[in-house]
Amino acid sequence: MNELEELNEPSRFRTAMGVLFYSLACGLLLSIFSFVPGLFRYAFSLGALLLGIRFFRNYEKLSLRVIFIVLSIVFYFITAVIVSIVLFMQGMPVQDTALAPL
């Protein structure tokens, strides 16, 4: 019976790659949200929310959910710093969209 249960569970590598790719996608969507001005930016926020809901439906373990949230935040900060550095090196001013009026 134990062998049948092991066949139905996904491998650890596949689970790790799933968590990594979902986190990377959410982090990228959130960093795009922080750099795009206007109302169109909320589409990226909604995309990250829907991707997070989909992840929570697919992965039910609490530890995987916590890892997903932490990695999403880490990927958000990494991509935001990289984009800011690239914009600064190109001579473009980095807009402070968090304090800008809608």
For residues 43-52, tabulate all N or O donor-acceptor pairs below 3.5 Å that involve a side-chain atom, not counting sequence neighbours.
none

Using distance only, find each side-chain donor-acceptor pair of residues 14-22 under 3.5 Å and give its atom names and separation, not counting sequence neighbours.
| residue | atom | partner | partner atom | Å |
| --- | --- | --- | --- | --- |
| T15 | OG1 | S11 | O | 3.0 |
| Y22 | OH | R54 | NE | 3.3 |
| Y22 | OH | N58 | ND2 | 3.2 |

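- Within the structure, side chain to side chain donor-acceptor pair (under 3.5 Å) contacts touching residues 24-33 (residues at least two apart or in different chains) are S31-T79.
- Transitive grouping of hydrophobic side chains (ILVMFWY, heavy atoms separated by less than 4.5 Å) keeps V74 and V81 in distinct clusters.
- Within the structure, every pair that satisfies the ring-ring contact (aromatic ring centres under 6.0 Å, His included) test and touches residues 62-85, not counting sequence neighbours, is listed here: F55-F68.
- Between the CD1 atom of I78 and the CG atom of L28 there is a distance of 10.5 Å, given to the nearest 0.5 Å.
- Expressed to the nearest 0.5 Å, how far CD1 of I69 lies from CG of L64 amounts to 11.5 Å.
- Hydrophobic clustering, with ILVMFWY side chains joined whenever heavy atoms are under 4.5 angstrom apart, keeps I53 apart from L62.
- V36 and Y42 fall within a single hydrophobic cluster, where Ile, Leu, Val, Met, Phe, Trp and Tyr side chains are chained together by heavy-atom contacts under 4.5 Å.
- For the atom pair F88 CZ and I85 CD1, the distance stands at 10.0 Å (nearest 0.5 Å).
- Residue L29 is grouped with residue L39 when hydrophobic side chains (ILVMFWY) are merged at heavy-atom distances under 4.5 angstrom, including chains of intermediate members.
- Residue pairs that meet the side chain to side chain donor-acceptor pair (under 3.5 Å) test with at least one member in residues 63-74, sequence neighbours left out, do not exist here.
- Of the inter-residue distances, the one linking I32 atom CD1 with F40 atom CZ reads 9.5 Å to the nearest 0.5 angstrom.
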